[in-house]
Amino acid sequence: MEIRNRSNGELTTVSQFKATQPNTSFPKQITTEILDSYGYDAVLNGAAATVTAPYGVSTRDGVEEIDGKWFTKFIAGPVFTDTTDSEGNVTTAADNEAAYKARIDAEAATSVRAERDTKLTNTD
């Protein structure tokens, strides 16, 4: 479980938090009351972003406060932008997206062919 320090917004784990308090004995399951007394909030699991397979992925994008509670935040990705190489050549976001999708398709095709070849070998 992650926790958030109210004073500086930093995220840490419960284990790391306990390690910063070497002279304090904490219960195995740390409660929100204990965290509150030290100025921390529990970070709850937020919903993953809705994506379209096989191209989309849900990527963590920090934390957000909703109704006084903190949740992990996710965005749908990948996000494509225009890029410029070292020679000044610009590749558009649409071209970067097309190249990404072509790579995903090629990897899937390679995987399917390898599975087919294994099955054919096993039938010989």
Side-chain angles (χ1 to χ4, degrees):
M1 174 205 297
E2 280 186 312
I3 57 176
R4 181 182 176 280
N5 184 321
R6 283 189 211 122
S7 65
N8 60 19
E10 288 183 8
L11 299 175
T12 189
T13 65
V14 170
S15 298
Q16 291 167 331
F17 165 73
K18 288 180 178 180
T20 65
Q21 310 293 327
N23 297 323
T24 304
S25 178
F26 292 103
K28 191 170 188 173
Q29 291 292 326
I30 198 160
T31 65
T32 55
E33 291 79 16
I34 293 171
L35 291 174
D36 185 52
S37 70
Y38 282 88
Y40 284 81
D41 292 308
V43 177
L44 307 171
N45 290 327
T50 303
V51 297
T52 303
Y55 306 114
V57 294
S58 179
T59 304
R60 177 147 174 204
D61 187 37
V63 296
E64 63 183 340
E65 185 179 12
I66 302 172
D67 296 328
K69 295 183 179 180
W70 288 91
F71 294 88
T72 52
K73 179 181 168 187
F74 293 88
I75 58 171
V79 176
F80 298 96
T81 59
D82 292 351
T83 55
T84 305
D85 67 15
S86 60
E87 297 174 3
N89 300 313
V90 176
T91 305
T92 66
D95 288 341
N96 284 328
E97 181 177 8
Y100 168 77
K101 287 181 176 181
R103 182 175 54 83
I104 296 297
D105 290 344
E107 289 171 359
T110 299
S111 176
V112 168
R113 280 192 294 277
E115 184 179 343
R116 177 207 58 200
D117 291 348
T118 300
K119 288 179 179 181
L120 287 172
T121 300
N122 290 339
T123 61
D124 290 343

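Values in this document were obtained by computation on a predicted structure and should not be read as measured data.
Between T83 and V90 the shortest side-chain heavy-atom distance does not fall below 4.5 Å. Under the 4.5 Å side-chain criterion, counting only non-hydrogen atoms from C-beta, T32 is not in contact with D36. Using a 4.5 Å heavy-atom threshold, the side chains of V57 and V51 count as separate. Side-chain contact between T50 and F74 is absent, with no heavy atoms from C-beta onward closer than 4.5 Å. The shortest distance between side-chain heavy atoms of N89 and T84 does not fall below 4.5 Å. The closest side-chain heavy-atom distance from P27 to I34 is below 4.5 Å. D117 is not listed as a side-chain neighbour of K119, based on a closest heavy-atom distance of 4.5 Å or more.
In this structure, Q21 places its CD atom where more than 12 heavy-atom neighbours from other residues, nucleotides or ligands lie under 6.0 Å away.
Side-chain contact check for D105 and Y55: at least one donor-acceptor pair (N or O, by modelled atom type) lies under 3.5 Å.
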For L11 and I3: C-alpha separation, side-chain torsions, deciding distance, then whether side chain to side chain contact (heavy atoms under 4.5 Å, CB included) applies. CA-CA 6 Å; L11 299 175; I3 57 176; over 6 Å; no
Kindly determine whether T24 and Y38 satisfy side chain to side chain contact (heavy atoms under 4.5 Å, CB included), including the steps that lead there. CA-CA 12 Å; T24 304; Y38 282 88; 3.5 Å; yes
Run the side chain to side chain contact (heavy atoms under 4.5 Å, CB included) test on T118 and N122 for me, step by step, so that the C-alpha distance in whole Å, both residues' side-chain angles and the decisive distance to 0.1 Å come before the verdict. CA-CA 6 Å; T118 300; N122 290 339; 3.8 Å; yes
Q16 and T13: CA distance, side-chain angles, deciding distance, side chain to side chain donor-acceptor pair (under 3.5 Å) verdict: CA-CA 5 Å; Q16 291 167 331; T13 65; 3.3 Å; yes
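Sorted by first and then second residue, the salt bridge (charged side-chain N to carboxylate O under 4.0 Å, His left out) pairs with a member in residues 48-73 read E2-R60, D61-K73; sequence neighbours excluded. For the salt bridge (charged side-chain N to carboxylate O under 4.0 Å, His left out) condition, no pair includes a residue of residues 11-27, sequence neighbours left out. Each side-chain hydrogen bond (donor to acceptor under 3.5 Å, both in side chains) pair with one or both residues in residues 39-48, not counting sequence neighbours, appears once here: N5-Y40, R6-D41.
Judged purely by atom type and a 3.5 angstrom limit, S111 has no side-chain atom pairing as donor or acceptor with the backbone of E107. Side chain of T92 to backbone of D82: no donor-acceptor contact under 3.5 angstrom is found.
Considering CD of E115 and CG of L120, their distance stands at 11.0 Å, rounded to 0.5 Å.
Considering all non-hydrogen atoms of both residues, F17 and T12 come closest at N-OG1, 4.2 Å. Residues M1 and A42 approach most closely at SD-CB, 4.0 Å, considering heavy atoms. Of all heavy-atom pairs between N96 and T91, the closest is OD1-CG2, 3.3 Å. Between V63 and W70, the closest heavy-atom pair is CG2-CE3, 3.8 Å.
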